[in-house]
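Step one of this worksheet: look at the structure below.
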Amino acid sequence: MGKCKKRTLHRQSATPYFMTRETAVNNVFKMFSENKKKIDLKLAMDTISLFGLSAEELSEAGVPYENLKALGSAIN
């Protein structure tokens, strides 16, 4: 992980300092599956854009199709 990603993750209080791509995908899945009324969309979008997660990766992790469509062009 490069210095820039480490600094960005360090600034966000909800994410751990060291995060792999696999844990990033799992965290985004947990954000969408825990409570549909309290999704922290900004944090999810930041994690998706920081790691460049694709819709295919997220769907394989179990994120529902409706949520992927709602994200729209933010994901590859």
Side-chain angles (χ1 to χ4, degrees):
M1 185 182 306
K3 287 184 200 176
C4 184
K5 279 188 184 177
K6 285 182 183 178
R7 277 190 225 118
T8 305
L9 289 173
H10 185 64
R11 279 189 240 141
Q12 296 176 350
S13 61
T15 58
Y17 186 62
F18 292 104
M19 183 185 294
T20 63
R21 188 174 185 84
E22 188 175 305
T23 55
V25 170
N26 290 334
N27 284 347
V28 171
F29 170 70
K30 287 178 188 173
M31 286 179 210
F32 284 115
S33 65
E34 284 178 353
N35 190 356
K36 298 194 185 247
K37 293 181 182 177
K38 274 183 86 175
I39 294 175
D40 189 2
L41 191 59
K42 171 117 174 66
L43 182 59
M45 293 300 294
D46 288 346
T47 306
I48 289 169
S49 64
L50 181 67
F51 284 91
L53 300 175
S54 66
E56 182 180 357
E57 288 176 304
L58 294 173
S59 66
E60 287 176 0
V63 177
Y65 178 76
E66 293 82 16
N67 291 343
L68 292 175
K69 285 301 273 187
L71 292 174
S73 63
I75 54 177
N76 299 335

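Both backbone and side-chain heavy atoms feed into the values below; hydrogens, waters and symmetry mates do not. Quick caveat: nothing in here was measured; it's all calculated off a predicted structure. For the single chain, residues carry numbers from 1 onward in sequence order.
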Ser59: side chain to side chain donor-acceptor pair (under 3.5 Å) partners, not counting sequence neighbours: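 Here no residue qualifies.
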
Return the [atom1] to [atom2] distance between [X] and [Y], rounded to the nearest 0.5 Å.
X: Phe32; Y: Leu68; atom1: CZ; atom2: CG; answer: 7.5 Å
X: Asn27; Y: Ile48; atom1: CG; atom2: CD1; answer: 11.5 Å
X: Thr47; Y: Arg21; atom1: OG1; atom2: CZ; answer: 12.0 Å
X: Phe51; Y: Glu57; atom1: CZ; atom2: CD; answer: 11.0 Å

Where is the tightest heavy-atom contact between Val28 and Ala44, given as atom of each residue plus distance?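 The pair with the smallest heavy-atom distance is CG2-O, 4.3 Å.
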
